[in-house]
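Here the structure comes first, spelled out in structure tokens, and everything after it is commentary.
Reckoned from all heavy atoms, side chains included, excluding hydrogens, waters and symmetry mates. All residue numbers in this chain count up from 1 along the given sequence. In listed order, ligands and their atoms are each counted from 1.
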Amino acid sequence: MSINVEPLRKILGLECKKGYVDSAVIGGLDRFLRNWAGPVIESITNPQLLNRFHELHLVNSNYTSLSKPQRQQWINDVLDLLAEIEGIAAEKGKAKLIPVAGKPSSVVRRRNTVVQQSIDSPITVISGISSSLATKFNRLGVKTIRDLLYFFPRRHLDYSETKPISQLSEGEEPTIMANVWQAQLTMLGGRRGTEAIVGDETGNVRVVWFNQPYLAKKLHTNTRIVLSGRVSLFKGQYVFESPEWELVEDKELIHTGRLVPLYPLTQGLRPRQVRKLMKGVVDQWAWQAEDFLPGEVKRHCNLLELSQAITQAHYPENGAAKDKARVRLAFDELFLLQLGVLSKKRDWQESQPGSSFSAETPVLDTFLKSLPFELTAAQQKVLKELLADLEQPRPMSRLLQGEVGSGKTVVATAALLVAAANGYQGAFMAPTEILAEQHFATVGEFLSRVGHQEGEGYLYSYSGLLSRPITVALLIGDINQARKRELRQRVRAGDVDIVIGTHALIQKDVEFHRLGLAVVDEQHRFGVTQRSALRQKGFNPHVLVMTATPIPRTLALTLYGDLDLSVIDQLPPGRQAVKTKWLKPQQRDSGYAFLRRQVAEGRQAFIICPLVEESEVIQAKAAIAEYERLSQEVFPDLRLGLLHGRMAAADKNKVMRRFRSGELDILVSTPVVEVGIDVPNATVMLVESADRFGLSQLHQFRGRVGRGQEQSYCMLLAQNPSEVGRERLDIIEKIQDGFQLAEEDLKLRGPGEFFGTRQSGLPDLRMAKLSDVALLELARREAIGLFQIDPRLEKPEHHPLAKELARVWQQGDAEWS
Ligand code: ADP
Ligand code: MG
């Protein structure tokens, strides 16, 4: 059987990552499967696999109709099936590869050498792990014995219920303990398999194994055997189909009769092999894992010993033990995370003094008076909080949350001016170049209200604010090299007060003369480690992270455990709720007509192209096609512009400028407009395939309109939404409040998707879930408590903890640098 399951596995993996919204593959999973399954099914000869194939409806799947939990379950089942297909393929391959007699010589030699083994030794020191097997484990990120101990099963099969044969019933997955009466080779659907009759004191039952002819030889008459698996009814009689089996010997059961672990597998790792190996490793090594948690903490929180927890996480005695093990291991992750975050905060604030600014600068008054509006009470409150921080000698670490359109930019600009007035440079960083350009324009508009503006392109200076002009530069990728070099040179020389750009500003080779404040906009992944990167560049600036995505408490404590929080919880006056409507496909034309009427009244519109897939290239192509269709067939008389991620910065800039200045009626765009774009005269937005987007993203889109005084509208088109899609559209129609939407989003998508910890540079969470609020808060309390007693973990009893902390965080840091 040569079936390449990898493409499907990747797609399913992506689908999980993206939250089961059927966005992993163009055209949807169902269509992909229809094409994939045809040829595959022809090459499957194993009738049992064929059966599973049909049971899972891989040929005529209807993924779109499933609810989210159903989707999740279904994908898990398919992944299991893929692993099985591979397992069988590997088993067949192996029979050919390994010669009948003799072990690989390296194993023998290793036995004779005395190797200093520790839990951090590579897994090859374990007898039974050849270098080729080690390679397979490496692919799963498992390199050392410690990694193996922390290589936890995805889940457990519950085969703990033992039954007498007389009480079997169809569809259950019981365990029986029986005698083999006879076992023989048999032909099953054209393939060699094994068939056996086994019995206990209450009766007999037939067992078949497809594709495992070698079993016939193993199962001698009168062998005691344990079987766990599904019972089905065949011609009126019960039969076990390919159950897990195990001979009753003196050792513990590992495949049957208990909670049986299911490990994540990769090509060439077979479930039985991994289980057996893991049992050996756990038995031999778990007790050697040093328990780094202080006894005090363990007692407080009623936690298992580490070695016990590891053992029970793999081979639990029962469900309760498994849960206790998870709690201990999840606690470890969260506790270490909190300790790490706290010590980063301490380093951040103590190791180098920051610069304390004077906030009583005339520039602030001048600036605020020049604005065309008054700050809202919420903006004033937050500005005050910022200024108080800036006056401190320790650097500010503050997270500013504020609903879309609540006016964060102007507050940030005020803070940047204070830095400039104190003789420091400021960096203003956005997640995309388009947004950086927009900030550059916005800051320019604000400052030019005060006094004279001079300069061109990427560098302007503004007089009238300080005794000298304030210089603002835009530094982005697409500027030509010579110009960029010049700008960098000026930044380094201290000629530029405010530098606006993307996060590349701190990641790449921009050197500052005297960086005093870094503002990071619209970023929920600018975590602890990233902030440390700033400091490693030799600066200890005040840092302000701004986001319109309300962060649920658990996540805030995890990602931003070291930040103080400010919230702008009020929109500027006069804003009206954006009227949101989900249009049925047949209402598309009336949607276009509505948009046309708005344009006739002098308003502007966005049309967001469908989300095609990950690739920006394909997305751009689709947007171009849609743009052409719209300009030729639908709105030939209107002025349309196109914006997509593959355009050169100068072109993007030009389109944005034309749209902002009213030269364009409609901006057709890929989802790049998601963040930050501010054009108050735009009052209509039409989102294509709106069911494909997450709630928070839709809310961000919608935030692009309703920024001026006019009533604004958001129309959502969805061709054939899934159940989850419909649910989302219903919610977004009704709810305007971003915080509430974020909570709903979190519920629908699950936290892993909401913020990946991977990208944040934080240590991985394997056991802990972000829904473990209580455990997280417990871990945080304990971490704070410990920090008060021994902030640098210098006491001898805390040494193991200090070591573990360094180990865990080192991995996170490495990913960032
Ligand atoms: P966000 O918080 O989403 O980044 P912006 O800073 O882009 O929001 O502000 C949204 C719009 O509201 C901008 O056009 C800005 O000029 C305007 N704005 C900001 N503060 C006020 C205010 N206090 N009164 C009226 N309009 C304001
Ligand atoms: Mg913004």
- Query: Got an N/O contact under 3.5 Å between F373 and ligand 1?
  - Reply: no

- Item | Any donor-acceptor N or O pair under 3.5 Å, side chains Q392, S356 | no

- Item | Per-residue contact class, E374 against ligand 1 - non-hydrogen pairs under 4.0 Å | backbone

- Query: By number and element, which atoms of ligand 1 are closer than 4.0 Å to a non-hydrogen atom of L375?
  - Reply: 23 (N)

- Query: What about G405: any of its N or O atoms under 3.5 Å from an N or O on ligand 1?
  - Reply: yes

- For S406 and ligand 1, answer yes if some heavy atom of the residue is under 4.0 Å from a ligand atom, otherwise no. yes

- Kindly assign one of parallel, tilted or perpendicular to the pair F357 and H542, based on the angle between their ring planes and the thresholds 30° and 60°. perpendicular

- For atom 10 (C) of ligand 1, the option (of K408, E445, R707, Q709) bearing the nearest heavy atom: R707

- Just checking, R704 and F606: is the charged tip under 6.0 Å from the six-membered ring centre and within 45° of the axis? no

- Message: Strictly distance-based, threshold 3.5 Å: is any side-chain N or O of Q736 a donor or acceptor partner for the main-chain N or O of V578?
- Response: yes

- Message: Which of the numbered atoms in ligand 1 are under 4.0 angstrom from any heavy atom belonging to P572?
- Response: 21 (C), 22 (C), 24 (N), 25 (C), 26 (N), 27 (C)

- Item | ligand 1 contact on R575 by region, counting heavy-atom pairs under 4.0 Å | side chain

- Query: What heavy-atom pair brings A427 and L505 nearest, and what distance separates the two atoms?
  - Reply: CB-CD1, 4.2 Å

- Task: Check salt bridge (Lys or Arg N to Asp or Glu O under 4.0 Å) between R726 and all other residues, then give those that pass, not counting sequence neighbours.
- Result: none

- Any ion pair linking E710 and K579 (charged N to carboxylate O, less than 4.0 Å)? no

- Query: In terms of atom number and element, which parts of ligand 1 are under 4.0 angstrom from non-hydrogen atoms of T409?
  - Reply: 4 (O), 5 (P), 6 (O), 7 (O)

- Message: Test of understanding: given a 4.0 Å heavy-atom threshold, classify the contact between T376 and ligand 1 as side chain, backbone, both, or neither.
- Response: both

